[in-house]
Chemist: 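Take a look at the following structure, please.
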Amino acid sequence: QVHVVESGGDLVQPGGSLRLSCAASESRFSINVMAWYRQAPGKQRELVAAITGGDRTYYSDSAKGRFTLSRDNAKNTVFLQMNNLKPEDTAAYYCNIPDLPWGQGTQVTVSS
C-alpha cells in the first residue's frame, strides 16, 4: 500500500533551521495537494502549511514569514523549509496527502 514518508526532523537550537521532506512511498504517486500538520504533546493536531496543485500555498499565522513550502517535481517530493525556529515549534510534524493514510510523523525539537 502506498504510504506517506516524512523525514527531516531533528533537535535544533532556537533560531535554527530544518527542512522537512514529504513523499509517497512509490514514486509513481504524484503529489498535487498536500499539507503539513503538527501535534505537540497534550495539544490537538494543527495545520501548519498547505500547497495546491497550482502551487498556491497557505501558512498558519505561526508559520508565516518563517516556513516555506517548495516542490521537487523530479523527485515527487514536497519540502517544508523552517527558519528561525522557536521552542513552541516543538512537535511531531505530519505530512497529509489526500487518499493516503497518515504517516509516522517526524519529530522536531527546538531547545537550547
Side-chain angles (χ1 to χ4, degrees):
Q1 183 181 12
V2 181
H3 58 274
V4 172
V5 179
E6 303 124 325
S7 62
D10 205 345
L11 170 64
V12 64
Q13 292 187 342
S17 297
L18 285 174
R19 189 176 76 160
L20 306 184
S21 300
C22 172
S25 58
E26 295 184 16
S27 59
R28 63 178 174 82
F29 193 98
S30 61
I31 301 175
N32 290 317
V33 177
M34 68 79 62
W36 281 100
Y37 289 77
R38 68 185 181 187
Q39 187 167 18
K43 295 188 177 181
Q44 289 188 332
R45 192 169 294 189
E46 63 174 354
L47 177 63
V48 176
I51 188 167
T52 70
D55 283 348
R56 294 186 67 178
T57 54
Y58 161 83
Y59 299 97
S60 66
D61 287 343
S62 62
K64 284 178 184 175
R66 299 189 299 128
F67 295 2
T68 305
L69 284 164
S70 62
R71 294 181 188 272
D72 182 335
N73 288 323
K75 296 181 180 179
N76 212 13
T77 301
V78 177
F79 303 101
L80 181 66
Q81 178 67 41
M82 304 189 297
N83 297 328
N84 190 21
L85 284 162
K86 304 175 181 180
E88 52 263 41
D89 294 318
T90 295
Y93 283 70
Y94 298 89
C95 169
N96 179 263
I97 301 173
D99 299 326
L100 295 185
W102 289 94
Q104 296 293 316
T106 186
Q107 180 67 36
V108 172
T109 302
V110 185
S111 175
S112 56

Chemist: One pair to check against side-chain contact (heavy atoms from CB on, under 4.5 Å): Phe67 and Thr57. What are the steps and the verdict?
Modeler: CA-CA 11 Å; Phe67 295 2; Thr57 54; over 6 Å; no
Chemist: Given side-chain contact (heavy atoms from CB on, under 4.5 Å), test Leu47 with Tyr58 step by step and report yes or no.
Modeler: CA-CA 9 Å; Leu47 177 63; Tyr58 161 83; 3.4 Å; yes
Chemist: State the OG1-CD distance between Thr90 and Glu88, to the nearest 0.5 angstrom.
Modeler: 8.5 Å
Chemist: Quick one: CG on Leu18 to CZ on Phe79, what's the gap to the nearest 0.5 Å?
Modeler: 14.0 Å
Chemist: So if you build clusters from Ile, Leu, Val, Met, Phe, Trp, Tyr with side-chain heavy-atom gaps below 4.5 Å, do Tyr59 and Leu20 land together?
Modeler: yes
Chemist: Using only heavy-atom distances, determine whether the side chains of Tyr93 and Arg38 contain a donor-acceptor pair under 3.5 Å.
Modeler: yes
Chemist: So, the side chain of Glu6 versus the backbone of Thr106: is there a donor-acceptor pair under 3.5 Å, distance only?
Modeler: no
Chemist: List the atom of Ala91, the atom of Gln107, and the distance in Å for their closest heavy-atom pair.
Modeler: O-NE2, 3.4 Å
Chemist: Please tell me whether Thr109 and Ser111 have a donor and an acceptor in their side chains that are separated by less than 3.5 angstrom.
Modeler: no
Chemist: Would you confirm whether the ring centroid of Trp102 sits within less than 6.0 angstrom of the ring centroid of Tyr37?
Modeler: yes
Chemist: Would you say Cys22 and Met34 make side-chain contact, with heavy atoms under 4.5 Å?
Modeler: yes
Chemist: Which value, rounded to the nearest 0.5 Å, describes the distance between Arg56 atom CZ and Ile51 atom CD1?
Modeler: 11.5 Å
Chemist: Just checking, any donor-acceptor pair under 3.5 angstrom between side chains of Thr77 and Asp72?
Modeler: no
Chemist: For the residue pair Val108 and Met82, establish whether any side-chain heavy-atom pair is separated by less than 4.5 Å.
Modeler: yes
Chemist: Looking only at heavy atoms, what is the nearest atom pair of Val48 and Ala63, with distance?
Modeler: O-CB, 3.8 Å
Chemist: For the atom pair CG (Leu100) and CD (Glu26), what is the distance rounded to the nearest 0.5 Å?
Modeler: 9.5 Å
Chemist: Would you kindly confirm whether Leu11 and Val110 end up in one hydrophobic cluster when ILVMFWY residues are joined by side chain heavy atoms under 4.5 Å apart?
Modeler: no
Chemist: Tell me if the CG atom of Asp99 is crowded by more than 12 foreign heavy atoms within 6.0 Å.
Modeler: no
Chemist: Which heavy-atom pair separates Ile97 from Ala24 by the least distance, and what is that distance?
Modeler: CD1-N, 4.5 Å
Chemist: Is the backbone N or O of Ile31 less than 3.5 Å from a side-chain atom of Arg71, with the two atoms forming a donor-acceptor pair by type?
Modeler: yes
Chemist: Return the CD to CZ distance between Gln81 and Arg66, rounded to the nearest 0.5 Å.
Modeler: 12.0 Å
Chemist: Atom OH of Tyr94 and atom CD of Gln104: how far apart are they, to the nearest 0.5 Å?
Modeler: 8.0 Å
Chemist: Tell me the closest heavy-atom pair linking Pro14 and Ser112, and the distance in Å.
Modeler: CD-N, 3.7 Å
Chemist: Measure across Leu80 and Trp36 and return the closest heavy-atom pair with its distance rounded to 0.1 Å.
Modeler: CB-NE1, 3.6 Å
Chemist: What is the minimum heavy-atom distance between Ser17 and Asn84, and which atoms define it?
Modeler: OG-N, 4.3 Å
Chemist: Give a yes or no on whether the backbone of Lys86 and the side-chain of Asp89 come within a donor-acceptor separation of less than 3.5 Å.
Modeler: yes
